[in-house]
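See below for the structure under consideration.
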Amino acid sequence: MVSKSKDHQRSTGGQPLKKKVKLSDQKIDEEIPLSKLKAKNKTDKSKKNKIKQENQQDELSLNTLMKTSNEPQKVKNEPKSENFDSATNIKSEGDSEDSYKWWEEGINDGIKKWDTLQHNGVMFPPPYEPLPTNVKLIYDGVPVKLPPEAEEVAGFFGVMINTDHAKNPVFQKNFFSDFKKVLKKAGGVIEPKDTKITSFKKCDFSKMFEYYETKREERKQLSRAEKKKLKEERDKMEEPYKYCILDGRKEQVGNFRVEPPSLFRGRGQHPRTGSLKTRVYPEDIILNLGPGSPIPEPPAGHKWGEIRRDNTVQWLAMWKENIFNSVKYVRFAANSSLKGISDYKKFEKARELKNHIDVIREDYSKNLRSKVMFERQVAVATYLIDVFALRAGGEKGEDEADTVGCCSLRYEHIELSEPNNVTFDFLGKDSIRFYQKVEVDQQVFKSLKLFKKSPKKKGDQLFDRLDPSILNKHLQGYMPGLTAKVFRTYNASKTMQDQIDSMDIKLEDTVQEKLLKYNAANREVAILCNHQKTVSKNHESSIQKANDKIQELIWQRIRLKKCLLQINPQLKKKEKALFFEIDDFKKEKELEVVENIYEKEVIKYNRKFKNENEKRKENSEELLADEKLQEWLNTAKEYRDVLIKEVESGNLSEEFIKKCGSEEKIRNNIKKFDQRIQVAFIQLKDREDNSQVSLGTSKINYIDPRLSVMFSKKFNVPIERLFTKTLREKFTWAIESADENWRF
DNA sequence: TTGGTGACTTAGAAAAAAACGG
DNA sequence: CCGTTTTTTTCTAAGTCACCAA
């Protein structure tokens with residue numbers, strides 16, 4: 001069962017991060033002597049012989065490629081660096097001849113990843129533009145002039161004071177501490193000169209906030225044409241960075257933009273959230289290029305940090321981010337060949353697991369009884385990963401959110417109750433709550449009890465003999481390359497295959513019905529993987545609206561049926577089923593529907609009035625008088641009165657009956673309503689079911705795309721309905737290689 | 001045996017774009 | 001057509017896992 005709302009789920013308590021305590025629990029050790037813990041490690045590297053991919057002879061320059069593109073060459077007056085022309089003219093369509101169907105040609109399995117790589121470097125965010133002089137941070141009631149470096153940081157906070165982040169005390173503390181550092185380094189407040197900013201509480205960011213809001217509003221107000229023009233300009237700037245040339249082929253780059261400075265938005269209860277993520281300069285960046293590829297020109301006045309030529313990796317550029325000193329990469333887009341190949345390999349590996357899963361399951365079932373503590377822990381962990389799709393669960397540091405996976409589960413994360421019920425309650429990746437009450441294998445239950453046995457207490461690790469690398473080493477004994485995460489892929493895709501196998505779909509069903517079933521299957525997988533999303537702010541009201549809408553449709557249908565009876569009262573006895581619902585729909589309910597209709601009308605007229613007058617104001621025309629609005633509202637009211645009278649008296653208005661027309665016409669209309677109501681019901685349920693489940697993640701990462709292609713072909717559902725454009729590009733290999741008989 | 005770190009995949013939120021409905 | 005809602009794309013955080021050095 002998926003739990004309610006995510007806000008609800010996010011951890012609130014700040015339990016201390018426990019160091020990994022390895023309990024050398026004597027007692028357990030005595031009971032279960034640690035002996036032969038050798039994991040069978042067959043490092044058999046069976047290499048499949050793959051067709052070697054053909055080397056591209058000459059390195060094409062971006063410029064050459066551009067010229068061979070089917071796009072007519074435009075004359076440009078921009079400055080050219082001589083051997084590395086700006087790639088502005090490369091078009092995304094590309095030539096058909098440079099499409100590279102690696103899945104048809106076979107995959108090279110060696111260490112070397114590529115031969116040549118050429119690109120234009122990375123795109124930097126625009127420099128900071130100081131605020132207009134009248135927009136200032138107000139400190140202790142006094143507007144202060146800040147040096148631009150500090151103003152920028154204050155602005156990062158100011159623009160988001162209405163968000164949850166900005167209300168989080170940890171976020172505030174980290175932001176303020178970094179802000180003070182920046183301010184100090186920049187020489188302190190400019191005016192009034194001796195102002196010392198020491199208290200967050202005395203900072204008033206509202207002027208900054210308003211300023212950014214106004215700007216946002218202005219941007220929104222731009223006309224369609226203006227927006228289009230801006231977008232074109234943006235696209236033109238981006239053009240050179242969007243593509244690179246890999247082994248002579250044009251390939252898309254993914255995140256070619258360097259991350260702009262900002263306040264770090266950590267997920268969940270993150271100790272470092274709100275810290276300043278500083279601006280990245282060319283000097284911080286390491287570019288990776290092919291041997292002999294020209295070095296792109298760094299921004300004026302700057303130098304690249306380093307030029308590397310490493311063809312064993314798949315990144316084009318990297319830099320170190322300041323908060324954790326971790327590496328950020330500029331990489332290929334999801335539709336690139338290298339990504340496609342890895343993706344393909346990932347799924348093939350998961351499919352390979354099919355051939356080993358029986359042995360693995362047998363083994364861990366047996367080892368759940370092992371007298372050796374280590375073996376017992378391995379067995380239980382493998383069970384949890386296999387059955388509940390837990391992640392491996394690596395160790396985490398003091399300055400990270402307290403989240404866990406299988407190996408890092410602690411005492412307090414599972415609750416046991418006889419005979420074999422387990423409640424998992426912990427925060428997983430991204431601080432998403434994993435909450436499940438389940439029944440487990442009797443022997444698993446016993447083992448978990450053992451793992452929780454005294455002297456273990458809150459904060460201690462359940463699997464004190466394990467970590468992911470130990471577990472993975474054990475798994476490799478069954479199958480080369482097998483790791484914990486492969487189980488997630490395997491079980492997700494297996495679930496999807498099973499779901500599709502058991503689908504009751506007739507070819508003549510509507511596409512919409514088929515899609516609903518596909519989504520239901522997708523949802524099973526998402527639930528297995530615990531992929532969630534926060535329920536949207538207006539979810540409740542939108543459900544309410546949809547319900548009202550359905551009620552309205554039903555009411556309309558009932559009116560039609562009443563009309564039918566009016567014409568031919570004999571029908572009521574003849575067709576009981578048809579008229580059954582009339583008596584079911586009570587007076588109060590009818591009145592509710594009428595009121596709803598009326599309310600909507602009122603809102604509509606008010607809006608219409610406001611809009612019309614705004615337009616007139618702009619054209620300096622005469623404004624509509626308030627009486628006009630009154631007039632409209634009166635029409636609405638009159639209509640409401642008519643309906644109310646109808647409900648009260650039980651007689652339809654003459655007008656309506658006239659409009660309904662012949663019996664045949666009414667019957668047709670009723671049928672149409674039947675259809676609409678049914679569709680509305682199904683869609684409402686689908687939406688309800690999806691409200692906190694996120695289908696995308698499993699579709700993108702876990703479900704073998706060839707399953708969707710198979711579904712598409714087998715049931716004649718256009719692939720466009722299953723995969724968005726980006727996804728189709730990412731999964732071209734699957735679309736072109738699977739047929740209706742393909743199996744995971 | 002561990003701890004750091006580099007390189008890659010996976011993840012939900014937020015922004016942007018497209019579709020919807022009055 | 002226009003404002004709203006829904007879907008798609010972008011963004012970047014947060015995992016996994018291999019490898020290396022001490």
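Lettering of chains follows the sequences in order, A, B, ..., and the numbering in each one begins at 1. Worth saying up front: this structure is predicted, and the values here are computed from it rather than measured.
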[N] OP1/OP2 closer than 4.0 Å to side-chain N/O of [X]:
| X | N | value |
| --- | --- | --- |
| A:T726 | C:dT8 | no |
| A:R331 | B:dT9 | yes |
| A:N701 | B:dT9 | no |
| A:K277 | C:dA13 | yes |
| A:S694 | B:dA11 | no |
| A:S542 | C:dT5 | no |
| A:S326 | B:dG6 | no |
| A:R257 | C:dC11 | yes |
| A:K220 | C:dG3 | no |
| A:Y702 | B:dA11 | yes |
| A:Q476 | C:dA18 | yes |
| A:K545 | B:dG22 | no |
| A:K533 | B:dA13 | no |
| A:T483 | C:dC17 | yes |

**Complete:** Taking for A:E321 and for A:G405 the nucleotide of DNA chain C with the nearest heavy atom, the one nearer the 5' end belongs to A:E321

**Nearest-nucleotide comparison on DNA chain C, the residue closer to the 5′ end among A:R391 and A:G254** = A:G254

Rounded to the Å, how far apart are [X] [atom1] and [N] [atom2]?
| X | N | atom1 | atom2 | result |
| --- | --- | --- | --- | --- |
| A:R234 | B:dA17 | CZ | C1' | 11 Å |
| A:K730 | B:dT9 | NZ | C1' | 9 Å |
| A:K227 | C:dG3 | NZ | P | 10 Å |
| A:R272 | C:dA13 | CZ | P | 13 Å |
| A:L722 | C:dT8 | CG | C1' | 15 Å |
| A:F434 | B:dG12 | CZ | P | 13 Å |
| A:R308 | B:dA7 | CZ | C1' | 12 Å |
| A:H531 | C:dA14 | NE2 | P | 16 Å |

Looking at every strand, decide which applies to [X] at a 4.0 Å heavy-atom threshold: base, sugar-phosphate, or nothing.
| X | result |
| --- | --- |
| A:G393 | sugar-phosphate |
| A:K725 | sugar-phosphate |
| A:R488 | sugar-phosphate |
| A:F264 | sugar-phosphate |

Parallel, tilted or perpendicular, judged at 30° and 60°: which one describes the rings of [X] and [Y]?
| X | Y | value |
| --- | --- | --- |
| A:F264 | A:F324 | perpendicular |
| A:F171 | A:F157 | tilted |
| A:Y344 | A:W733 | perpendicular |

Which nucleotide, [options], lies nearest any side-chain atom of [X]?
| X | options | value |
| --- | --- | --- |
| A:K346 | B:dT9, B:dG12, B:dG6 | B:dT9 |
| A:T489 | C:dT6, B:dT10, C:dT12 | B:dT10 |
| A:A392 | B:dC8, C:dT16, B:dT9 | C:dT16 |
| A:P260 | B:dG12, B:dA14, C:dT12 | C:dT12 |
| A:K396 | C:dG15, C:dA14, B:dA7 | C:dG15 |
| A:D430 | C:dA14, C:dA13, C:dG15 | C:dA14 |
| A:R687 | C:dT9, C:dT6, C:dT12 | C:dT6 |
| A:Q314 | B:dA11, C:dT10, B:dC8 | B:dC8 |

**Request:** Compute the centroid of each ring, for A:H531 and then for A:Y702, and state whether the two points are separated by less than 6.0 Å.
**Result:** yes

Side chains of [X] and [Y] only: does a donor on one sit below 3.5 Å from an acceptor on the other?
| X | Y | answer |
| --- | --- | --- |
| A:Q544 | A:D548 | yes |
| A:Y518 | A:S708 | yes |
| A:S698 | A:N522 | yes |

**Request:** Return yes if the base of B:dT10 and the side-chain atoms of A:K429 contain a donor-acceptor N/O pair under 3.5 Å, otherwise no.
**Result:** yes

**Message:** With a sphere of 6.0 Å drawn around CZ of A:R309, does it hold more than 12 non-hydrogen atoms of other residues, nucleotides or ligands?
**Reply:** yes

**Prompt:** Between A:K549 and A:K231, which has a closest nucleotide on DNA chain B that is more 5'?
**Reply:** A:K231

**Request:** Assign each of A:K320 and A:R219 to its nearest nucleotide of DNA chain B by heavy atoms, then name whichever residue's nucleotide is nearer the 5' end.
**Result:** A:K320

